[in-house]
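Below is one structure, written out as structure tokens; comments come after it.
Throughout, protein chains are lettered first and strands after them, A, B, ... in sequence-line order, and every chain is numbered starting at 1.
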Amino acid sequence: MSLSNQSELNVQPLLKVTDLCKSFKHATGILSSREQLAFGPVSFTLEPGQTLAVVGESGSGKSALVRTIGGMLIANSGDIYVKGQHLSSLNSQQRCLSIRMIFQDPSSSLNPKTTVGKILHAPLQLNTDLNDKQRHQQILETLKLVGLLPDYLAFYPNMLSSVQKHQVAIARAMILNPDIIIADEILSTLDISLRFKIVNLLLKIQKAKGTSYIFVAHNMHLVKHMSDQILVLHQGKIIEKGTAKSVCESPQEEQTKYLLLSHQPDYRK
Amino acid sequence: MLINNGFNEDKIQSPLGYIWSIFKTKTIAVVAMWLIIVLIIVSLFAPWFVPHSPLAQNPESMLLPPYWVEGGDINHILGTDDLGRDSLSRLFHGLQLTLGGALLITLLVGIIGMLIGAAAALTKGVKASVLHHLLDALLAIPTLLSALILITIFGPSYTNCLIAISLSLLPQFIRSSFLAIEQELSKQYIVAIQLDGATKTRLFRYGILPNILEPTITIINRLFTMAIIEIATLGFLGFGAQLPQTELGSIIASSMELIYLSPWLVTFPGIAIFTVIIIVNVLSEGLRHAVLEGEE
């Protein structure tokens, strides 16, 4: 980073996405293939400590969008800037330190053959210069943050309950103190009471650490509760974008109204 | 969330330890494991304890039947062949070449094939296709036939026979290990490890290898079984072990013309090959089931 654009850093948003496009190739014949647009062009910004919710019906490209930002997919065109720096100019260490991902189902995203301690140790070992003692300290602090006792370090993932697995998955994302955490439908596999436990945990972490979240969710009431900004995707395009309050209270588009209607909170049923 | 040492276990069992404890409850598999260990020890130390040299000829006692049959001699428990050589001693020495060779091939092909398969699965582009399709030409021909072709190029000898069999079994093993790893790569925890910035070696060591135990056991078992059959077959056809080496297949071949006179000479080596294959398959099936139950 040169000195000249360091002054610009302060005015740069934490995350800036411009004209991001992603399409998948489907082979239709022996030589021919068809491009299917997943999403795009999509542009938005995210400020520190804010939560952005990506909503939309299934197949609208929301998972592909967050996976592209998380580094699992590579965009066809468009740019992602983190603190003013292009994502492709960052090496994998810098990327891990700024964007971390929580996967949809923690029972399949935690390696069944390694202990919780090792799962949490690996990102620190790979991405930081901390020594053994500092790493252990960091692991203990993160466990405390997500509400787990140090005893769990020796456990294997199959010994944990589903909510504890979620806590470990959050700990793995938080252990590097990233600026942005991407959560892809993490709440859909939990039942209602545990869902609120995790929601409150995420909000607590955000308050303590000032982390930004990008999350994909179905339940509009949770979205309203958790997020500052809402992005409504329909067939890969942003059809509505705004603060949570304005989108939920005065939706402009048919699709948004439909989403709000169809997602009554299930505990009232 | 209170922990007060109320857990049933004193210490936390690792997945491998758990699989081992399941395996220990499978009696037949444990028996098979001990039999394998005994067989390996026996074939390793055969020269020190067999009663006769496998090549010592004795014109006094030719074509003796086993000792429990009328006319048998307790000095030659399994009888003797047409030159008066002791069948039991020849069997042990034959086992040394057949079983030892098969184990050697399994070890070698297992390691090399797994490494090439992993390299092919974990790399992309031209490098991956070159590694993956390196030995595909051999895949088109049945393994025994390709081993025969290779041995006609190398010239018949026991070492060449081992090399030819290894080369003919390698493509299949590369393909199977590649498929097992490829399937594993789509799992979420592998993606998570990759996103942590792990190197390919680390990913393979901690992410993939511990999680492909079950397919690995199956393909290694198949590799071993095919290796032992091919060594015996090549020996039988006269392309493998050359005289005076004793190898189970070549013992059968040399006793073929005596099959009506003394059927024991063909029976015992045949039973030996059969037993080794059965024992190994029982062991691997037990291991595989233990792994499956342990991973549930």
Over 12 foreign heavy atoms within 6.0 Å of CD1, B:Ile149:
yes
Between A:Asn127 and chain B, which part of the residue has a heavy atom less than 4.5 Å away: side chain, backbone, both or neither?
side chain
Take atom CD1 of B:Ile37 as the centre, draw a 6.0 Å sphere, and report whether it contains more than 12 heavy atoms from other residues, nucleotides or ligands.
yes
For B:Pro15 against A:Lys113, the heavy-atom pair lying closest together:
CB-CD, 3.5 Å
More than 12 non-hydrogen atoms from neighbouring residues, nucleotides or ligands closer than 6.0 Å to CD on B:Gln183, yes or no?
no
Non-hydrogen contacts under 4.5 angstrom with chain A: give the residues of residues 189-213 of chain B involved, or none if there are none.
B:Tyr189, B:Val191, B:Ala192, B:Ile193, B:Leu195, B:Asp196, B:Gly197, B:Ala198, B:Arg202, B:Tyr206, B:Gly207, B:Pro210, B:Asn211, B:Leu213
Name each donor-acceptor pair under 3.5 Å that joins a side chain in residues 113-127 of chain B to protein atoms two or more places apart or in another chain, with its distance.
unit_1: B:Thr123; atom_1: OG1; unit_2: B:Ala119; atom_2: O; d: 2.5

Check whether A:Ser92 gets within reach of chain B through its side chain, its backbone, both or neither, counting any heavy atom under 4.5 Å.
side chain
Which pairs pass salt bridge (Lys or Arg N to Asp or Glu O under 4.0 Å) with one or both residues in residues 155-171 of chain A, sequence neighbours excluded?
none
Pairs in or reaching into residues 121-143 of chain A: which pass salt bridge (Lys or Arg N to Asp or Glu O under 4.0 Å), with residues at least two apart or in two chains?
A:Asp132-A:Arg135
A quick test of your reading: do over 12 heavy atoms of other residues, nucleotides or ligands sit less than 6.0 Å from OH of B:Tyr18?
no
If one checks every heavy atom of A:Gln93 against chain B at 4.5 Å, the contacting part turns out to be neither
Specify which of A:Arg100, A:Met101, A:Arg172 makes the most heavy-atom pairs with chain B at under 4.5 Å.
A:Arg100
Given heavy-atom pairs under 4.5 angstrom as the criterion, report whether the side chain, backbone, both or neither of A:Leu126 touches chain B.
side chain
I'd like to know whether NZ of A:Lys204 has more than 12 heavy-atom contacts from other residues, nucleotides or ligands below 6.0 angstrom.
yes
